[in-house]
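In what follows, every chain begins at residue 1, and chains take the letters A, B, ... in the order their sequences are listed.
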2 protein chains.
Amino acid sequence: MDRLAIARARLDAHIDREGLKRTRQRESILEAFIGAGGHVSVEELLRAVQQSAPATGAATVYRTLKVFVEAGIAGERNFGDGQARYEPILEDEHHDHLICTDCNTIFEFEDPVVEARQTEVATAHGLTVRSHRHEIFGTCTLREACPRWPKAGGRS
Amino acid sequence: MDRLAIARARLDAHIDREGLKRTRQRESILEAFIGAGGHVSVEELLRAVQQSAPATGAATVYRTLKVFVEAGIAGERNFGDGQARYEPILEDEHHDHLICTDCNTIFEFEDPVVEARQTEVATAHGLTVRSHRHEIFGTCTLREACPRWPKAGGRS
DNA sequence: ATGAATGCAAATAGTTTGCACCTAA
DNA sequence: TTAGGTGCAAACTATTTGCATTCAT
């Protein structure tokens, strides 16, 4: 079962659970969304969708992404550039980021201790964790450990 | 030297360095900003400033906050509620955030366990930690724990 | 004097919403 | 048939910008 199939299955479940409907737009948007990788803005996604379904309106993409988030397929990110970005959240592929500010390499990590501790902290404040964002910025101690050393492009 | 004095000193340095000017608005906004604590939205800050300087315009607050960020006095945060929030960054005071996505209340936290673990994770990847950003999103379990409850219900 | 800063209003940009029409179930 | 979905345009909201005026240096 590939990523698209996983997403589709989860969306189907959500659709049944909530009494929603299966439409060609939702299917097109889902395909474009999964195909896009990650960090897509609504504008980018709309452009992609319109390749296969030219009549699709922006409002539908906004509304559909909201459905995806509720279905647990998508996560919304705000990088402070004024527009929201979305990325697929399939399985439990959750990851945080370690960023080398010298060479811009981004490592992904997931630490059970941190995850568990987060829940404790949240609970202590009376909150139930829904999601989180955790980014650690640092510099490579060993240059060899830095795959892209010494060059590197790419924003996060 | 209290927080306001520290901020003022840093702003002064920035003003000299960049050839800017000292205006009553900048002073008023600085005072309101530092007095507000943290996580202020432009709207809130504007309201506060207008207590002492009623004629102040919103554009000035926006422009001034930008100056504060450049001066290293303020940090911009995006919690995904549609508006940017600013908080003072004096000394090396660091904290992370817990955000209730229902009522938008923001709690601050700093956890030694998480902090320590971060260092370990980074070291394991060959990085030296320089800074980090950690935000946990969740929902209030106990309504009473939510200062702003029941305002702003969950219809996003 | 002169260039930066301000206030206001108009302009943007991203996102949401009202509404008449369409369509899955 | 009937609630939900869609497209379009208008409405909103946060933020930016143009411009004439004011003010710091």
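Nucleotide dA5(C) holds its C1' atom 14 Å from the CG atom of Leu11(B), rounded to whole Å. Between Ile29(B) atom CD1 and dG7(C) atom C1' there is a gap of 12 Å when expressed in whole angstrom units. Following rounding to the nearest Å, Glu44(A) (CD) and dG14(C) (P) show an atom-to-atom distance of 11 Å. Taking atom CG on Leu45(A) and atom P on dG14(C), their separation rounds to 15 Å, with Å as the unit. In this entry the distance linking CG of Asp12(A) with P of dA24(C) reads 15 Å, nearest Å. Put simply, CD on Gln83(A) is 16 Å from C1' on dT16(C), counting in whole angstrom units.
Looking at which nucleotide of DNA chain D each of Ile15(B) and Glu43(B) is closest to, the 5′-most match is held by Glu43(B).
Protein chain A touches strand DNA chain D; the 5'-most and 3'-most nucleotides with an atom under 4.0 angstrom of its non-hydrogen atoms are dA3(D) to dC8(D).
Expressed to the nearest 0.5 Å, how far CZ of Phe68(B) lies from CD of Glu76(B) amounts to 14.0 Å. With rounding to the nearest 0.5 angstrom, the OG atom of Ser41(A) is 10.0 Å from the OH atom of Tyr86(A).
Of all heavy-atom pairs between Ile29(B) and Thr64(B), the closest is CD1-OG1, 3.5 Å. Taking all atoms of both residues into account, the shortest heavy-atom contact from Val129(B) to Ala122(B) is CG2-CB, 3.5 Å.
For the side-chain contact (heavy atoms from CB on, under 4.5 Å) test with Phe33(B), the passing option among Val49(B), Leu45(B), Leu4(B) is Leu45(B); the others fail. Results of the salt bridge (Lys or Arg N to Asp or Glu O under 4.0 Å) test with Glu27(A) over Arg22(A), Lys21(A), Arg8(A) single out Arg8(A) as the only residue that passes.
Residues Ile136(A) and Asp96(A) fail the side-chain proximity criterion, which asks for heavy atoms closer than 4.5 Å.
A continuous path of Ile, Leu, Val, Met, Phe, Trp and Tyr side chains, each step under 4.5 Å between heavy atoms, connects Leu20(A) with Leu65(A), placing both in one hydrophobic cluster. When the side chains of ILVMFWY residues are joined at heavy-atom separations under 4.5 Å, either directly or via intervening members, Val61(B) and Leu11(B) end up in a single hydrophobic cluster.
Scanning residues 51-62 of chain B for heavy-atom distances under 4.0 Å to DNA chain D yields Ala59(B), Tyr62(B). Contacts of residues 16-28 of chain A with DNA chain D (heavy atom under 4.0 Å): Gly19(A), Leu20(A), Lys21(A), Thr23(A), Gln25(A), Arg26(A).
In terms of modelled atom types and a separation under 3.5 Å, the side chain of Arg10(A) and the main chain of Gly72(A) share a donor-acceptor contact.
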- Query: For Glu43(A) and Arg47(A), what are the C-alpha separation, side-chain angles and deciding distance, and is it a salt bridge (Lys or Arg N to Asp or Glu O under 4.0 Å)?
  - Reply: CA-CA 6 Å; Glu43(A) 190 194 358; Arg47(A) 251 201 309 272; 3.5 Å; yes

